Amino acid sequence: MVSSPPTSSNAQILEDALASSIKESPDQTSDSTTDKLNSRSMIAILDFGSQYSELIARRIRETQVYSEVLTYHTTTEDLLKLSPKGIILSGGPNSVYDESAPHCDPAIFELGIPILGVCYGMQLMAKQLGGSVERADRGEYGKAELQIDDPTDLLTNVDTGVTMWMSHGDSVIDLPEGFEILAHTANTPCAAIADHARKLYGVQFHPEVVHSAGGMAMIRNFVYHICGCEPSWTTDAFIENSIREIRAQVGEKSVLLALSGGVDSSTLAFLLHRAIGDQLTCMFIDQGFMRKLEPERLVKLFEEQFHIHVEYVNARDRFLKQVEGITEPEEKRKLIGYEFIKVFEEESQRLGPFDFLAQGTLYPDVIESADTNADPVTGKRVAVKIKSHHNVGGLPDNLRFTLVEPLRKLFKDEVRKVGTALGLPEEIVKRQPFPGPGLAIRIIGEITSDRLNTLRDADLIVRQEINRSGQYNKLWQAFAVLLPTVRSVGVMGDKRTYSHPVVLRLVTSEDGMTADWARVPYELLETISNRIVNEVEGINRVVLDITSKPPGTIEWE
Ligand code: XMP
């Protein structure tokens with residue numbers, strides 16, 4: 001099963017093509033020399049089910065202050081354990097007068113910690129403190145001009161007339177005692193309110209969304225001027241802290257990491273290697289479903305450029321045998337998932353024993369947010385299952401390792417910054433997502449060695465041309481899908497062809513949850529189509545998928 005890493009002179013060709021064509025973009029890594037490790041500067045967000053709660057956390061972190069999303073029913077006692085310098089009450093889908101409307105512990109208003117209520121959060125605060133909220137004559141959805149009545153503290157440096165984004169049907173009508181109006185809009189008299197003495201604030205608009213022009217200035221005012229936070233959440237501070245924490249957790253013991261080559265597991269490998277050196281073992285299981293030359297490229301990069309040893313496990317035949325004759329997508333996914341766990345267990349025993357398993361769990365996976373789909377007891381989100389996801393983080397809970405999860409506080413964009421600061425190259429940091437089961441879910445119908453090779457060749461052309469055209473960083477994903485059984489007639493030279501089609505799937509997306517088909521230049525489509533039909537044996541037609549998600553999904557299986 002185990003063999004030495006594959007080598008290929010073609011790897012160099014691919015390496016050059018990728019490296020030269022992935023466009024530079026401005027480095028957003030923070031390199032503040034005033035980095036401090038004051039982890040106490042944090043803002044807690046109580047989530048009342050808003051789709052924007054995570055976004056508020058990200059915006060606050062952009063100001064270099066740490067922020068966490070907690071469920072609205074977090075007790076005051078638990079909240080105080082985090083020593084927040086400020087609290088934000090998020091928006092939410094309910095009306096404060098709904099019978100099932102979520103409320104927070106009223107004791108939080110007595111803590112003396114500054115609080116900012118956003119939309120539903122502001123209405124809730126007004127109601128809980130004795131004001132009144134009513135269904136407005138006219139709701140306000142979309143952009144609104146904010147007229148500022150009191151430009152002190154919260155609205156300092158926010159211009160009057162600035163656009164803020166609104167989405168509400170209810171409005172605060174009577175203010176609680178001690179509150180005054182800071183700003184209004186044409187339809188909303190109480191668009192921003194404050195009790196300056198108690199440091200309680202409310203805004204009816206959403207400062208966190210990109211359409212709110214003065215939103216970041218307002219967030220900064222809250223975080224720095226009102227809450228008195230320190231700029232302690234920086235990439236460098238995170239790395240320093242994590243290294244210290246990893247060393248404290250692991251001591252002299254050994255850690256196993258399943259490397260996939262994606263940005264999360266690669267960043268994790270760099271961080272752990274910096275913290276504990278050779279106590280880390282990186283294992284790469286080659287299922288045989290990776291893109292052309294990618295296993296070679298990955299092993300070469302880690303071994304030769306990063307000087308991090310990778311235990312390469314060639315399990316290609318095993319996986320192919322598992323999926324032989326299987327055409328049903330869920331069955332394919334499950335079989336690949338089970339096989340991955342089996343190989344992982346066998347190989348970890350062979351290479352081990354290991355005390356710890358490193359996992360690239362990220363913050364969105366651990367947030368316990370209020371959600372209409374949430375489990376009422378745990379608060380955890382319960383997603384409706386569309387596809388069985390499988391990736392290197394998808395190992396069962398009952399493995400006998402203790403977990404090391406240094407990225408569990410990070411959003412994806414923060415992982416990229418950490419990866420860049422640790423020296424990961426752009427080709428990994430900016431790599432488009434690639435699903436755990438790989439090409440297996442891009443071969444519709446039966447997976448055979450020949451069909452894998454055909455798809456690999458077509459897929460390589462897509463990647464090369466997308467890179468060459470400068471589109472790589474604009475697209476969420478760009479790939480080819482191989483269709484089964486369908487054959488069509490064509491003509492090449494003077495000869496009739498009767499071969500298979502591939503589908504081009506090029507999508508834009510923010511997070512993979514929704515997506516749109518990408519409007520790329522026709523010339524690019526033409527080049528890809530010409531090259532695939534001319535260069536890939538067995539393909540005589542290229543079609544373009546113009547389905548958004550929803551109703552489609554990004555992958556075909
Ligand atoms: P769908 O097809 O559900 O995909 O629209 C959304 C995003 O998830 C990726 N994807 C996966 N990632 N393991 C992964 O790590 C998987 O099993 C998996 N399936 C889909 C997909 O590529 C897209 O970016």
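Note that the structure is predicted; figures quoted are calculated from it, not measured. Indexing begins at 1, ligand by ligand and atom by atom, following the structure's order.
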> Do any nitrogen or oxygen atoms of Phe434 lie less than 3.5 angstrom from nitrogen or oxygen atoms of ligand 1?
Replying inline: no

> Can you find an N/O atom of Ile554 closer than 3.5 Å to an N/O atom of ligand 1?
Replying inline: yes

> Can you check whether Phe479 reaches Phe434 side chain to side chain, under 4.5 Å on heavy atoms?
Replying inline: no

> Does any N/O atom on Arg442 come nearer than 3.5 Å to any N/O atom on ligand 1?
Replying inline: no

>> Out of all atoms in ligand 1, which are within 4.0 Å of some heavy atom of Thr553? Include the element for each.
In response: 1 (P), 2 (O), 5 (O)

> Does ligand 1 have an atom that lies less than 4.0 angstrom from a heavy atom of Trp556?
Replying inline: no

> Arg333: heavy atom below 4.0 Å from ligand 1, yes or no?
Replying inline: yes

> Any sub-3.5 Å donor-acceptor pair from Ser509's side-chain atoms to Gly512's backbone N or O?
Replying inline: yes

>> Tell me whether the count of non-hydrogen atoms from other residues, nucleotides or ligands lying under 6.0 Å of CG in Asn530 goes above 12.
In response: yes

>> On a heavy-atom basis, I'd like to know which of Lys549, Gln432, Arg505 is closest to atom 6 (C) of ligand 1.
In response: Lys549

> Lys292 versus Asp457: any side-chain heavy-atom pair under 4.5 Å?
Replying inline: yes

>> Is the terminal nitrogen or CZ of Lys409 (NZ for Lys, CZ for Arg) located under 6.0 angstrom from the six-membered ring centre of Tyr66 and within 45° of that ring's axis?
In response: yes

>> I need the full list of salt bridge (charged side-chain N to carboxylate O under 4.0 Å, His left out) pairs touching residues 433-445, with sequence neighbours left out, sorted by first then second residue.
In response: Arg442-Glu555

> Taking only heavy atoms of Gly512, which atoms of ligand 1 are found under 4.0 Å from at least one of them?
Replying inline: 6 (C)

